[in-house]
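Structure first, then comments.
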Protein chains: 2
Amino acid sequence: MCNMPRVAAPAVRTALVEAAAEMLAGRVAVTARSLADRAGTSTTAVYTHFGGMPGLWRAVRQEGFTRLAGRLAEVPRTDDAVHDLAALGAAYVAAAHASPFLYRAMFDAAADLEDPAAADASFSRLVEAAERARQAGRFSADADPAAVATRFWAAGHGLTMLVLTDVLPPEASLSHGPELAVAVCVAAGDDLARCRESVLRGWAPTLPGGPIGPPAQG
Amino acid sequence: MCNMPRVAAPAVRTALVEAAAEMLAGRVAVTARSLADRAGTSTTAVYTHFGGMPGLWRAVRQEGFTRLAGRLAEVPRTDDAVHDLAALGAAYVAAAHASPFLYRAMFDAAADLEDPAAADASFSRLVEAAERARQAGRFSADADPAAVATRFWAAGHGLTMLVLTDVLPPEASLSHGPELAVAVCVAAGDDLARCRESVLRGWAPTLPGGPIGPPAQG
DNA sequence: CATCGTACCGTAACAGTGTTACATAACAAG
DNA sequence: CTTGTTATGTAACACTGTTACGGTACGATG
């Protein structure tokens with residue numbers, strides 16, 4: 001008797017999340033029906049796999065944070081921790097600008113994730129870089145790495161959100177991002193001139209007009 | 001012949017905006033029907049006065065920025081421009097925490113306002129304070145007041161948004177707000193010790209556990 | 001004061017949304 | 001193959017924003 005039921009096909013789940021991310025990137029409204037059409041299934045699949053549209057959005061946010069964590073994981077660790085901190089900030093801003101609608105959806109309810117591991121991993125990379133900067137003597141001994149990372153993140157998030165909502169022009173990310181990074185790091189104890197040099201090198205791969213400006217959306 | 005029509009009653013318009021703000025504060029969903037019920041009219045009024053729900057949201061955002069400008073206008077100008085800048089930041093954060101849902105609605109599409117004067121006025125107060133700090137020798141001569149004000153705002157906005165979306169705990173506003181203010185002002189050229197003193201005095205009215213924590217919502 | 005024209009306002013309908021009951025089909029176990 | 005369990009598709013539900021239609025209040029005109 002005790003038969004195991006038909007196994008849930010995980011392909012449908014990933015197809016739905018992928019379709020949602022694509023539609024988000026294409027500025028097309030993500031409704032249950034249009035999503036089901038694009039994913040090649042029916043609206044019921046949304047309920048069997050996510051329990052409803054809110055559950056789908058949670059999965060989309062989760063996917064967004066996972067992708068972000070992947071981007072940040074690619075940023076290498078060097079001897080200059082302040083450079084690394086700036087490079088992480090640049091990669092963060094670049095990821096947000098590469099998928100602006102996904103980024104906005106992520107922070108619509110960022111606190112509501114079923115698995116915060118990806119978000120924690122991203123933040124931990126900031127904390128780790130701040131900790132290394134402290135141990136290297138760049139930051140003052142009583143500078144709490146978690147606090148510095150939080151301020152670094154808050155400043156970058158605010159600048160990013162103001163740009164993505166068209167309150168500030170796109171250039172603002174490049175003109176104010178490094179300056180804010182320098183401000184937070186110098187406040188943490190770093191030497192101004194040395195900090196400037198590290199931060200500018202950390203932002204360098206992004207600066208040449210890199211992956212920020214283009215019309216790639218999502 | 002050429003008769004002037006019945007004059008549009010502005011009372012209905014304000015009643016609708018007020019009702020929307022109240023419902024936003026009460027965490028109750030703002031739909032065309034529930035809004036009309038609460039305002040004592042019908043859904044049609046939304047279309048005659050705002051052209052539709054998006055128009056209503058624009059009016060609500062406009063009202064939010066007007067209230068914010070009023071709050072900032074109450075912040076006095078003193079001899080210490082850095083103190084004033086910090087006080088403006090504290091008032092800004094306090095206003096956001098006093099009406100969190102209104103603040104989030106404001107920045108859902110902050111760039112889409114029919115009259116940006118209120119938003120410009122708020123930002124101009126920051127620029128003016130930065131300009132006075134520069135003229136007083138607190139900021140370096142080549143520090144662009146508008147750029148400093150933008151960074152100040154971006155940092156405060158990011159911190160505020162992360163708190164309002166429950167990503168950071170409520171205490172984060174008080175623990176990181178002043179620190180970010182100091183970071184931006186010192187980066188603009190101010191002396192660290194002097195800046196700390198000015199900023200802490202500027203935040204003082206908010207610090208005692210003031211209007212940040214309470215359950216007043218909106 | 002009577003009249004008229006304007007445009008606000010309320011009712012009822014429309015299209016579209018998320019959601020769910022039901023029947024069907026697909027799969028794993030005995 | 002039979003059986004039990006569950007994913008799926010269809011069609012309906014309640015709700016949303018929106019709009020056509022009459023009724024009505026209002027101000028200007030004669």
Side-chain angles (χ1 to χ4, degrees), chain A residues 1-24 26-63 101-102 104-105 108-109 112 114, chain B residues 1-24 26-63 101-102 104-105 108-109 112 114:
Chain A
M1 39 173 72
C2 68
N3 299 320
M4 290 310 288
R6 170 183 181 183
V7 58
V12 179
R13 179 186 174 99
T14 61
L16 283 170
V17 175
E18 290 282 338
E22 286 177 16
M23 295 173 73
L24 223 47
R27 285 188 183 71
V28 44
V30 180
T31 78
R33 287 169 177 78
S34 62
L35 177 67
D37 282 358
R38 180 150 189 147
T41 95
S42 185
T43 60
T44 316
V46 175
Y47 293 84
T48 59
H49 286 278
F50 306 103
M53 288 300 286
L56 172 86
W57 288 118
R58 287 208 313 180
V60 169
R61 289 194 295 270
Q62 190 81 47
E63 173 71 15
F101 282 78
L102 179 58
R104 288 192 62 177
D108 268 354
D112 182 26
E114 41 184 304
Chain B
M1 38 176 73
C2 67
N3 298 322
M4 289 311 287
R6 170 184 180 182
V7 58
V12 179
R13 181 186 172 98
T14 62
L16 283 170
V17 175
E18 290 281 338
E22 287 176 16
M23 296 173 74
L24 224 47
R27 285 187 182 73
V28 44
V30 181
T31 77
R33 288 169 178 78
S34 62
L35 177 67
D37 281 358
R38 179 149 190 147
T41 94
S42 185
T43 59
T44 317
V46 175
Y47 293 85
T48 58
H49 286 279
F50 306 102
M53 288 298 287
L56 172 86
W57 289 117
R58 287 208 314 181
V60 168
R61 288 193 296 270
Q62 190 80 49
E63 172 71 14
F101 283 77
L102 179 57
R104 288 192 62 177
D108 269 354
D112 181 26
E114 41 184 303

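In what follows, chains are A, B, ... by sequence order, proteins preceding strands, each numbered from 1. Values reported hereafter were calculated over all heavy atoms of this structure, with side chains retained and with hydrogens, waters and symmetry mates removed.
Under the rule for a side-chain hydrogen bond (donor to acceptor under 3.5 Å, both in side chains), the partners of B:Thr31 that lie at least two apart in sequence or sit in another chain are B:Ser34. Under the side-chain hydrogen bond (donor to acceptor under 3.5 Å, both in side chains) criterion, B:Glu22 pairs with B:Arg38, sequence neighbours left out. Judged as a side-chain hydrogen bond (donor to acceptor under 3.5 Å, both in side chains), and not counting sequence neighbours, A:Arg104 has no contacts. Here B:Gln62 pairs with nothing under the side-chain hydrogen bond (donor to acceptor under 3.5 Å, both in side chains) rule; sequence neighbours left out. Under the rule for a side chain to side chain contact (heavy atoms under 4.5 Å, CB included), the partners of B:Thr44 that lie at least two apart in sequence or sit in another chain are B:Ser42, B:Thr48.
For residues 42-56 of chain A, no residue pair satisfies the salt bridge (charged side-chain N to carboxylate O under 4.0 Å, His left out) rule, not counting sequence neighbours. The list of salt bridge (charged side-chain N to carboxylate O under 4.0 Å, His left out) pairs with a residue in residues 39-59 of chain B, not counting sequence neighbours, reads B:Arg58-B:Asp112.
Distance, B:Phe50 CZ to C:dC9 C1': 15 Å, rounded to whole Å. Per the geometry, OH belonging to B:Tyr47 stands 4 Å off C1' belonging to D:dT18, to the nearest Å.
One finds the OG1 atom of A:Thr41 at 13.5 Å from the CZ atom of A:Arg13 (value rounded to the nearest 0.5 Å).
Phosphate proximity of C:dC8 to B:Thr48: absent, as no side-chain N or O sits under 4.0 Å from OP1 or OP2.
For the segment residues 52-61 of chain B, the set of residues with a heavy atom within less than 4.0 Å of an atom of DNA chain C is empty. Of the residues in residues 32-45 of chain A, those lying under 4.0 Å from DNA chain D by heavy-atom distance are A:Arg33, A:Thr41, A:Ser42, A:Thr44.
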